[in-house]
Participant: 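Pasting a structure here, questions to come.
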2 protein chains.
Amino acid sequence: MSQPDTIERILDAAAALFAERGYSETSLRTITTTANVNLAAVNYHFGSKKALIQAVFSRYLAPFCECLNSNLDAREKASDQAIHVDEAIQILFSSLFQSTEAIGGGLEPFMRLLGLAYAQSQEHLRHFIIEEYGDTYRRFMEILQADMPDVDPVAFYWRLYFMLGATVFTLSSYNPINNISKADFGEERSIKEVVSLLEPSISTLLRADDAER
Amino acid sequence: MSQPDTIERILDAAAALFAERGYSETSLRTITTTANVNLAAVNYHFGSKKALIQAVFSRYLAPFCECLNSNLDAREKASDQAIHVDEAIQILFSSLFQSTEAIGGGLEPFMRLLGLAYAQSQEHLRHFIIEEYGDTYRRFMEILQADMPDVDPVAFYWRLYFMLGATVFTLSSYNPINNISKADFGEERSIKEVVSLLEPSISTLLRADDAER
DNA sequence: GTCTATAAACTGATAGAC
DNA sequence: GTCTATCAGTTTATAGAC
């Protein structure tokens with residue numbers, strides 16, 4: 001702890017670099033050079049590259065789960081009325097914003113790290129996510145499902161992945177997508193505006209009546 | 001061409017391995033060993049690893065574009081009625097099935113390769129996709145947009161990415177997701193069944209009335 | 001806790017014999 | 001067109017001095 005927090009500097013550099021180019025594409029050398037620390041520091045403080053990847057991930061995932069849980073607690077305490085899909089989705093995204101704005105870079109790096117964890121078969125990371133994230137995920141899922149009891153559970157289960165895919169894919173590529181929008185329409189959308197487009201889309205996607213069409 | 005098509009064997013092995021573990025995570029040595037060809041053969045036949053990646057991608061993308069285009073041609077020839085969103089989506093997915101079933105592995109590897117191209121910042125691959133895919137993409141997009149003229153173009157543009165994300169994310173992880181479904185519900189869904197869940201979800205997502213809610 | 005030096009293995013790519 | 005052998009560079013990780 002002589003230097004202004006070596007650990008913190010490594011985590012900051014690693015988060016930005018992993019999100020930008022992927023886990024395997026980022027070497028420990030690039031991270032330590034960017035962070036202005038010695039190469040050996042990573043293995044000293046974290047043990048291995050895999051452990052560093054998980055630590056980087058935790059810094060986003062843990063606060064998010066905590067934040068979502070406490071927001072759900074507060075809402076359930078404030079009113080006896082059941083939480084409907086729309087409100088649940090809104091709580092989800094406001095928790096995302098709330099928990100990431102303290103950390104560098106905001107929402108996009110977190111979504112990129114999440115997308116990469118699924119895209120590349122980072123098996124170790126996937127298991128790690130389920131362990132740290134499982135309880136919160138189940139709680140949220142059950143709230144949604146309680147509001148749409150008529151939907152077949154398996155169909156509902158797949159719709160959750162449709163929702164996850166739409167969210168992670170879009171927000172993790174927010175910058176490049178927004179740049180194309182700027183070039184093609186001359187219009188930008190802030191990430192908050194994109195989320196406000198995403199919220200109703202996801203709500204209708206989840207509640208889509210099977211009979212309709 | 002003395003061995004039963006070295007080029008083909010390299011492409012098959014590379015496609016399966018790239019889809020399974022990612023581009024950077026797959027070495028040329030792993031590919032050539034799996035394909036039972038000499039290490040030097042990749043550089044002899046393709047020139048470089050990047051060129052191999054693009055060749056692997058082309059084998060899925062080119063037939064798909066061709067198939068989608070000819071299906072749209074046939075439909076436009078058969079009837080003067082405008083193509084509505086639901087029908088366009090249905091043509092999209094049947095083209096996906098049609099064009100991939102000839103190639104090894106079917107739909108999932110293609111979706112994985114596509115997801116990886118977006119997730120990892122494979123800049124060269126992204127440019128390559130736009131070049132080979134741009135015209136077909138624009139044509140399809142304009143058909144959709146013509147059926148929903150009241151939606152703000154920028155909002156529509158973002159919804160296309162929501163759609164792309166839901167599709168690519170879910171289908172590229174079809175196997176692991178389906179396995180969880182098996183464990184949790186004791187029920188499986190074939191990839192065709194998942195697509196038949198996806199189609200109405202995507203249609204409502206695209207057509208979601210802004211005023212609704 | 002930080003550093004240098006280095007191990008041990010792997011990477012994509014190529015030259016040259018056959 | 002296929003092979004061996006090898007180059008030159010990279011990777012993660014660690015031992016040991018300070």
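What you see is a predicted model; the values in this text were computed from it and never measured. Residue numbers begin at 1 in each chain, while the letters A, B, ... track the order of the sequences. All values below were derived from every heavy atom in this structure, side-chain atoms included, with hydrogens, water molecules and symmetry-related copies excluded.
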Participant: Looking only at side-chain N and O atoms, does B/Asn38 come under 4.0 Å of OP1 or OP2 in D/dG1?
Facilitator: no
Participant: Under 4.0 Å between any heavy atoms, over every strand shown, what does A/Thr30 touch: base, sugar-phosphate, or nothing? Just pick one.
Facilitator: nothing
Participant: Between A/Tyr23 and A/Phe18, does the ring centre distance come in under 6.0 Å?
Facilitator: yes
Participant: Measuring only between side-chain heavy atoms, which start at C-beta, is B/Leu164 closer than 4.5 Å to B/Tyr118?
Facilitator: yes
Participant: Nearest whole angstrom, please: distance from the C1' of D/dT14 to the CZ of A/Phe46.
Facilitator: 18 Å
Participant: Side chain of A/Asn43 only, please: which of D/dA13, C/dG12, D/dA15 is the nearest?
Facilitator: D/dA13
Participant: Need one value for B/Thr32: base, sugar-phosphate or nothing, where a base atom within 4.0 Å counts as base even if backbone is also close, heavy atoms only.
Facilitator: nothing
Participant: Measure from CG on B/Leu39 to C1' on C/dT11 and round the result to the nearest Å.
Facilitator: 10 Å
Participant: Touch check for A/Ala40, heavy atoms < 4.0 angstrom, all strands: base, sugar-phosphate only, or nothing?
Facilitator: base
Participant: B/Leu28 CG to D/dC7 P: how many Å, rounded?
Facilitator: 20 Å
Participant: Hey, are B/Arg139 and B/Glu76 close enough for a salt bridge, meaning a charged N less than 4.0 Å from a carboxylate O?
Facilitator: yes
Participant: Below 4.0 angstrom from OP1 or OP2 of D/dT10, is there any side-chain N or O of A/Ser27?
Facilitator: no
Participant: Starting at atom CD of B/Glu8, determine the distance to atom P of D/dG1, rounded to an integer number of angstrom.
Facilitator: 14 Å
Participant: Could you give the CZ-to-C1' distance, from B/Arg29 to D/dA5, as a whole number of Å?
Facilitator: 11 Å
Participant: Please tell me if B/Thr6 has a side-chain N or O lying less than 4.0 Å from either OP1 or OP2 of D/dG1.
Facilitator: no
Participant: With respect to the side chain of A/Tyr44, which nucleotide from C/dT2, D/dT2, C/dA13 is positioned closest?
Facilitator: C/dT2
Participant: Whole angstroms only, please: what is the NZ-C1' distance between A/Lys50 and D/dT11?
Facilitator: 15 Å
Participant: Quick one: do B/Arg138 and A/Asp184 make a salt bridge, cutoff under 4.0 Å?
Facilitator: no
Participant: Side chain of A/His45 only, please: which of C/dA15, C/dG1, C/dT11 is the nearest?
Facilitator: C/dG1
Participant: Could you check whether A/Asp12 pairs with A/Arg59 (Lys NZ or Arg NE/NH1/NH2 to Asp/Glu carboxylate O, under 4.0 Å)?
Facilitator: yes
Participant: In terms of side-chain heavy atoms of A/Lys49, which of D/dC3, C/dG12, D/dA13 is nearest?
Facilitator: D/dA13
